[in-house]
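FYI, side chains are in, hydrogens and waters are out, and symmetry mates aren't considered; it's all heavy atoms of this structure.
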Amino acid sequence: MHATENEPSTWTFLTHHARVLVAITRDPGVRLREIAEGIGITERAVQKIVSDLYQAGYLTRERVGRRNHYSLNLDQHFRYPTEADLPISLLIGIFTERELPHQTG
């Protein structure tokens with residue numbers, strides 16, 4: 001589907017996988033439902049993404065009571081060949097190490 005003058009494009013720079021990683025970094029005890037609501041995708045989609053990230057070694061899960069607690073492997077490298085020499089900590093740091101300025105206006 002193409003964007004028209006009346007309908008803006010819906011593409012973004014970050015994938016859902018990146019957004020899930022950032023959400024987990026910000027709150028390692030976050031519920032998948034909360035991630036889904038924040039990103040605007042289904043809880044089932046978040047479950048699939050977390051499974052992908054777990055299987056690829058980007059995160060681990062630990063059961064704490066009735067909830068999961070996640071830990072990220074920030075030394076894990078990007079998957080795409082042109083960025084494969086860079087750790088994901090670079091991306092995560094952009095979104096978690098400082099507050100973005102509030103827009104006014």
With a 4.5 Å heavy-atom cut-off, do L91 and F78 have their side chains touching? yes
Contacts of type side-chain hydrogen bond (donor to acceptor under 3.5 Å, both in side chains), residue D27, not counting sequence neighbours: none
Which residue pairs pass the salt bridge (charged side-chain N to carboxylate O under 4.0 Å, His left out) test with at least one member in residues 14-24, sequence neighbours excluded? none
Run the ring-ring contact (aromatic ring centres under 6.0 Å, His included) test against Y80 and tell me which residues pass, sequence neighbours left out. none
Which side-chain N or O atoms in residues 33-44 pair as donor and acceptor under 3.5 Å with protein atoms at least two apart or in another chain?
residue	atom	partner	partner atom	Å
E34	OE1	R31	N	3.1
T42	OG1	A45	N	3.0

Contact between L53 and Y70 at the side-chain level, heavy atoms closer than 4.5 Å - yes or no? no
Please give me the minimum heavy-atom distance between F95 and R26, naming the atom from each residue. O-NH2, 2.8 Å
Restricting to side-chain contact (heavy atoms from CB on, under 4.5 Å), what partner residues turn up for L74, sequence neighbours left out? L72, I88, S89, I92
Could you work out, with side-chain contact (heavy atoms from CB on, under 4.5 Å) as the rule, every residue matching Y54, not counting sequence neighbours? L59, R61
Residues that, via side-chain heavy atoms closer than 4.5 angstrom, fall in one hydrophobic cluster with F13: W11
Quick note, salt bridge (charged side-chain N to carboxylate O under 4.0 Å, His left out) partners involving residues 66-91, not counting sequence neighbours, are none
With H17, which residues qualify under side-chain hydrogen bond (donor to acceptor under 3.5 Å, both in side chains), at least two apart? D52
Do the non-hydrogen side-chain atoms of N68 and R63 ever get within less than 4.5 Å of each other? yes
Any donor and acceptor pair, going by atom type alone, linking the side chain of S51 with main-chain N or O of Q47 inside 3.5 Å? no
Does T60 have any side-chain contact (heavy atoms from CB on, under 4.5 Å) partners at least two apart in sequence or in another chain, and if so, which? S71
For the pair H69 (side chain) and P28 (backbone), establish whether a donor and an acceptor sit closer than 3.5 Å, ignoring hydrogens and angles. no
